[in-house]
Amino acid sequence: MAGISFRNVTKRYGKTVAVDNASFDIQAGEFFCFFGPPLSGKSTILKLILGLETPDEGEVLIGGKPVNHVSPAGRNVAMVFQNLALFPHMTAGENVRFPLVERKIPEATIKARVDEVAGKLHIGHLLHKPPAQLSGGERQRVAIARALVRDPVAYLMDDPISALDARLREETRVELKRIQRDLGQTLIYVTHDQEEAMSVADRMAIMEQGSIRQIGTPVDIYDRPASRYVAQLLGAPMMNIMNATTSGRLEAGEGTIVLPLDAAPQGVSGLGIRPEDLKVEPWAERHTGKPAKVYEVEPLGGYTVVTLDTGAQKLRALMRGQPQIALDSAVALSCNPARVHFFGAAGETLRA
Ligand code: ADP
Ligand code: MG
C-alpha cells in the first residue's frame, strides 16, 4: 500500500490537453475520487497512474518515488475492470486466481493468496459459483478480489457502476465503501455522478477540462466550493445562482432576495443559495423586497421541490415533507446570510 502523487502533470493528445498541470497527493489507504463531467480528463489520470500513458510534463510518484519511467507491471497498481466484468465461463474462484495463474506463480502460493483475499472479502463460500449465480454485490467483491490478489499498492476503478440501475447502484456503492474501509487499501475511483462521488469518497478532486479545480472532503467542497463551477456541480437540485446588485442593500433574483449589505464581500456579482437553504413563506406585507410566484410543486414523498418564478428566472427550493403550497401563490424568499455563497465576476468564490 502506498500514496500516489502528481507534480504538475500535463498530458496532451495532439492539440487536446487531456490533463492540465495536475497536482495532488493521495494518502495510503484513502478512498479518493476523481469527479467531473465527461471528457474532463478522469480516465487519462488513471492511465497515467497505471503507466499506460506517460506525462508530457511533470512527475508521477508512487510511495514517494518517481515512476515516469517504470512500466505498468513494475508499478503494481491494479485496475478493477469496467462494470466489474468477470469471465463468465470461469467460477468466481478461477476469476480471482487468474492474474496469478497468468504469471505462472506456484500453485501453493496461489492457493494461500486466494484464501487470504477471499477471507478479507468474505467470499470464500462463493468461489465455486459461476458469476451468473452471484448478486451484484457479490460480483463486485469477486472483481475486487481479482484485482487485489496480486497485492497491489493501490486499486483503481473507472466509473465501475454507472451501467447498473439506480437501486443496484445505491446498494453497490454502500458495499464498496464498506469493503474499502475493511481492506484499508488505497482506492482511486472515477465517476461522473456527483451523488456517487460524495457518498463514497474520503476526499475528492473536482475536474474541469483537464484541470483540478478543488480537492477536499465531499462535505467541505459542498459547503465551501471554490467557484461557481464547483458549486453547481455538487448537489441536486443544483445551487440557485443569481446576479447580485448592491445599492443600499444587497438584492438578487429580481429583488425577491434581499440581504443586509454588510453580508456581502467587496466585488460581489453573483449570489448562490442551495435549494435546501432557500426559505419559502406565504407573502405578507412585513416582508422586504418583492414576492416570487410558485411556478410548480414536485411532491417527492420525503421532500418537496418547489420551483419559484422571480419574473426573470426560476429558483428551486427543497422542503422537508409535504408542505401545503398553492400553485401561483405569492411567496416571500429568504436565506440565512451565513448560508449564502458569493461569487466574483469570474465565478470565483468570495468570502464575506
Ligand atoms: P473522462 O474520462 O473525464 O471522460 P478522458 O480522460 O477520457 O476524460 O479524456 C480527456 C480528453 O482527452 C478528451 O478531450 C478526450 O477526447 C481526449 N483523449 C483521451 N484519450 C485520448 C486518446 N487516446 N487519443 C486522443 N484523445 C484522447
Ligand atoms: Mg472516462
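For ligands, and for the atoms within them, numbers begin at 1 and follow the listed sequence.
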(request) Could you tell me whether some N/O pair between T44 and ligand 1 is separated by less than 3.5 angstrom? (result) yes
(message) Please list, in number order, the atoms of ligand 1 under 4.0 Å from a heavy atom of P38.
(response) 4 (O)
(message) Looking at E30 and R203, is any side-chain nitrogen of the basic one under 4.0 Å from a carboxylate oxygen of the acidic one?
(response) yes
(request) Provide, to 0.1 Å, the distance between atom 7 (O) of ligand 1 and the closest protein heavy atom, together with that atom's residue and name. (result) S43 CB, 3.8 Å
(message) Quick test of your reading of the structure: of A18, G210, S40, G14, whose heavy atom lies closest to atom 11 (C) of ligand 1?
(response) A18
(message) Regarding S43, does it place an N, O or S atom less than 2.8 Å from the Mg ion (ligand 2)?
(response) yes
(message) If we only consider heavy atoms of G41, is any one of them less than 4.0 Å away from an atom in ligand 1?
(response) yes
(message) Can you see whether Y295 has K293 sitting over its ring - NZ or CZ less than 6.0 Å from the centre and within 45° of the normal?
(response) no
(request) Starting from atom 14 (O) of ligand 1, find the nearest protein heavy-atom neighbour and note its residue, name and distance. (result) T16 CG2, 3.4 Å
(message) Please list the nearest protein heavy atom to atom 18 (N) of ligand 1 with its residue and the distance rounded to 0.1 Å.
(response) Y13 CD1, 3.4 Å
(message) I want to know if ligand 1 touches K47 in the polar sense, i.e. an N/O pair below 3.5 angstrom.
(response) no
(request) Would you mind checking which non-hydrogen protein atom is closest to atom 16 (O) of ligand 1, with the distance to 0.1 Å? (result) L39 CD2, 4.0 Å
(message) For the residue pair S5 / D25, report whether a side-chain donor-acceptor contact shorter than 3.5 Å exists.
(response) yes
(request) Answer yes or no: is there an ion pair linking E296 with R316, defined by an N-O contact shorter than 4.0 Å? (result) no
